[in-house]
Amino acid sequence: MATPIIATRLVPADEEGIAETARVLRSGGLAAIPTETVYGLACDATDPHAVAKLYAAKGRPSFNPLIAHVPDVEAAQRVGRFSPTASALAHAFWPGPLTLVVPAIEEATSPLARAGLSSVAIRVPAHPVAQAVLRAADRPIAAPSANRSGHVSPTTAGHVMADLLGAIDLVLDAGPAAVGVESTILDCTGDIPAMLRPGGLAREEIEAVLGHALAVPERVTDDETPQAPGMLASHYAPSVPVRLMAEQLRAGEALLTFGGQALHGAPPVRTRDLSPEGDLVEAAANLYAYLRELDAPGVSGIAVVGLPAHGLGEAIADRLRRAAAPR
Ligand code: TXA
Ligand code: MG
C-alpha cells in the first residue's frame with residue numbers, strides 16, 4: 001500500500017509552534033524537531049501505530065531500533081535500567097550529544113520502537129526547543145534523523161522538507177543544528193561501555209570521565225543493518241561518488257577541504273572548506289550541509305582531503321567513510 005501524501009506544515013519554533021508539535025506527537029503524528037546534533041523525526045515511542053508510520057515515512061528497509069528521547073535523567077530512569085557507570089555518564093554528559101544503550105524497562109516504550117530488543121537507546125538532548133517539546137509531550141519520544149533512509153542527515157528545516165515533504169505532519173524550524181553530526185552511542189549493557197557510533201561527543205571526553213578506555217564493540221551501529229557486525233553500508237550518501245584522502249583533483253570534481261588545504265590537478269567545480277581555521281567542532285557542524293551543497297548538477301564526484309582523527313574528527317571520518325562506501 002502506498003503511503004498517503006499529507007500536508008506538511010513548516011512551523012517556527014516559538015511557544016505556539018512548540019505546543020502544536022506536542023499536540024501532533026500526543027495524537028500519534030510525525031513531527032520533525034530540532035536537536036543540537038541533527039533534526040529528528042519524532043513520534044510517540046509508546047504508540048506502535050505512530051512508530052510504524054515513522055518507519056514508513058523514512059523508508060527504512062528494515063525495522064531498526066530508535067532512540068527514545070526524554071528531557072532529563074529522571075525520565076530516562078523510567079525508560080531504562082542504569083548501572084552505576086551508565087548513571088555516571090548520564091550525569092556527566094546529559095543533556096548533550098550522547099546516547100546510552102541500557103537494559104529496557106519493557107513497558108515504557110513500544111517493542112516496535114526497540115525493534116524487539118531487550119535494550120533501549122536513550123538520549124537527553126540539550127537543544128532548548130527539543131527540551132520544551134519533550135516536556136510538553138510528556139512521554140518518551142522516538143526520533144531517528146529526519147531524512148529518508150540512506151540520505152545525508154538534516155541539519156536545517158529546509159533539509160528535512162527536501163526529504164520528507166508530504167510524508168510527515170510538521171517540521172519545527174529552529175535554525176541550523178549546532179553540533180551537526182549525530183550523537184555518540186555507547187552500549188552500556190556490558191561491564192565496560194563500548195562505542196557503537198562515534199558522534200558529537202568525543203571519545204576523549206568520555207574516557208576522561210570513565211578513567212579508562214572504552215571497549216571495542218562486537219558490532220557497530222548502522223542505520224540500515226543494525227545486526228550486521230562491522231558492516232559499513234552506504235549511508236549518509238550524496239548522489240555522486242565521494243573520494244577520501246584525495247591528493248589530486250580529477251576533472252569535474254568538487255572539493256571538500258579543511259583548514260584551507262588546496263589540491264593539485266584539475267580546478268574544483270565547487271569548493272567548501274569545513275573549517276578554514278582547522279577547528280573540528282566547526283567542521284562537524286558544517287559537514288552535512290556542505291555534502292549537500294557539493295552534491296549539485298555539474299559535479300561528477302566529491303574529493304575530500306584527509307582530516308585530523310582526534311576529537312570530533314572520529315565522527316567526521318566515520319560519516320565520510322559511509323558516504324564513500326560502494327552503493
Ligand atoms: O543525534 C542523534 O542521535 C539523532 C537525533 C535526532 O537525536 N538521532 C539519530 O537516530 O541519529 P538514528 O535512528 O538515525 O540512529 C540511531 C541508531 C541506529 O543506528 C540504531 O541502530 C541504534 O541507534 N540503536 C537504537 N537502539 C539500539 C539498541 N538498543 N542497541 C544498539 N543500537 C541501537
Ligand atoms: Mg540516521
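Whatever order the structure lists them in is the order used to number ligands and atoms, beginning at 1. Reckoned from all heavy atoms, side chains included, excluding hydrogens, waters and symmetry mates.
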Where the closest heavy atom to [atom] is concerned, which of [options] has it?
| atom | options | answer |
| --- | --- | --- |
| atom 30 (N) of ligand 1 | T99, V101, L41, V38 | V101 |
| atom 26 (N) of ligand 1 | A104, P65, S183, P34 | P65 |
| atom 6 (C) of ligand 1 | G80, G40, S119, P97 | G40 |

Can you confirm, on distance only, whether ligand 1 has an N/O atom lying under 3.5 Å from any N/O atom belonging to [X]?
| X | value |
| --- | --- |
| T37 | yes |
| T35 | no |
| R197 | yes |

Within less than 4.0 angstrom of ligand 1, does R123 place any heavy atom? yes
What part of I185 sits under 4.0 Å from ligand 1 if we count only heavy atoms: the side chain, the backbone, both or neither? side chain
Specify side chain, backbone, both or neither for R114, according to which of its non-hydrogen atoms lie closer than 4.0 Å to ligand 1. neither
With a cut-off of 4.0 Å, which atoms of ligand 1 are near a heavy atom of [X]?
| X | result |
| --- | --- |
| I67 | 3 (O), 8 (N), 9 (C), 10 (O), 16 (C) |
| A121 | 25 (C), 26 (N), 27 (C) |
| A143 | 6 (C), 8 (N), 10 (O) |
| H69 | 5 (C), 7 (O) |

Test: [X] and [Y] ion pair at under 4.0 Å:
| X | Y | answer |
| --- | --- | --- |
| D44 | R139 | yes |
| R135 | D72 | yes |
| R243 | E253 | yes |

Is atom NE2 of H212 surrounded by more than 12 heavy atoms (other residues, nucleotides or ligands) closer than 6.0 Å? yes
May I ask you to check if any N/O/S atom from N147 comes under 2.8 Å of the Mg ion (ligand 2)? no
Ignoring hydrogens and geometry beyond distance, is a side-chain donor-acceptor pair present between R197 and S183 at under 3.5 Å? yes
Looking only at the side chains, is there a donor atom on one of R123 and T35 sitting less than 3.5 Å from an acceptor on the other? yes
Heavy atoms only: give me the nearest D295-V240 pair and the separation to one decimal. OD1-N, 3.6 Å
Closest non-hydrogen atoms of L172 and A13, given as atom of the first, atom of the second and distance, are CD1-CA, 3.6 Å
Measuring from atom CG of D173 to atom CG of D14, what distance do you get when rounded to the nearest 0.5 angstrom? 10.5 Å
